[in-house]
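Residue indices begin at 1 and follow the sequence shown. As the structure is a prediction and not an experimental result, all values here were calculated from the model.
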Amino acid sequence: LAHADEVALAPGADPTVVIEARVVRAAALDVKGKREEALVVMAALGRESLAPLAELGHPRVRALAKVVLDGASDELRP
């Protein structure tokens, strides 16, 4: 978790590496039983990152991405 934060906050870090670090952070939070925090981290990634993760990510990451995407689509329904 600490390394994921270090990478995500490192000045000049490649944006794709920052996204990957945030995904690792979200997965680690979920493992530690902090699912709500994990979902907040995942939601901050945006739909462009979440859609592929929901299909191709690690099983835990897929599940988190799908929860966020399903919640986002629920908010858009009338």
Side-chain angles (χ1 to χ4, degrees):
L1 207 59
H3 291 296
D5 289 339
E6 286 176 28
V7 170
L9 298 173
D14 183 281
T16 58
V17 174
V18 172
I19 290 170
E20 290 174 15
R22 289 181 178 155
V23 170
V24 169
R25 183 176 197 283
L29 287 167
D30 193 41
V31 166
K32 293 180 91 174
K34 298 179 178 183
R35 189 165 184 91
E36 290 302 317
E37 285 183 58
L39 293 172
V40 169
V41 171
M42 291 294 284
L45 296 176
R47 187 174 292 278
E48 280 185 19
S49 295
L50 290 172
L53 289 171
E55 296 297 321
L56 304 171
H58 179 276
R60 181 177 300 276
V61 172
R62 270 198 317 262
L64 290 169
K66 287 178 182 179
V67 168
V68 173
L69 288 172
D70 288 348
S73 63
D74 287 345
E75 290 174 9
L76 299 175
R77 291 185 188 140

### Minimum heavy-atom distance between Val41 and Ala26, given as atom pair plus value
CG1-CB, 3.9 Å
### Task
Just grab all the salt bridge (charged side-chain N to carboxylate O under 4.0 Å, His left out) pairs involving residues 9-20, residues at least two apart or on different chains.
none
### Query
Taking the side chain as C-beta and beyond, is there a heavy-atom pair between Lys66 and Leu50 under 4.5 Å?
no
### Task
Kindly write out the residues that satisfy side chain to side chain contact (heavy atoms under 4.5 Å, CB included) with Val18, not counting sequence neighbours, or none if the list is empty.
Ala8, Ala13, Arg22
### Message
I want to check something: taking the side chain as every heavy atom from C-beta on, are His58 and Leu53 in contact at a cut-off of under 4.5 Å?
### Response
no
### Message
Can you tell me how far apart NZ (Lys34) and CG (Leu39) are? Round to the nearest 0.5 Å.
### Response
14.0 Å
### Query
Tell me, do Arg35 and Leu64 make a side-chain contact under 4.5 Å, heavy atoms counted?
yes
### Task
Could you pull out all residues at least two apart from Arg62 that satisfy side-chain hydrogen bond (donor to acceptor under 3.5 Å, both in side chains)?
none
### Derivation of the side-chain contact (heavy atoms from CB on, under 4.5 Å) call for Leu45 and Met42
CA-CA 5 Å; Leu45 296 176; Met42 291 294 284; 3.9 Å; yes
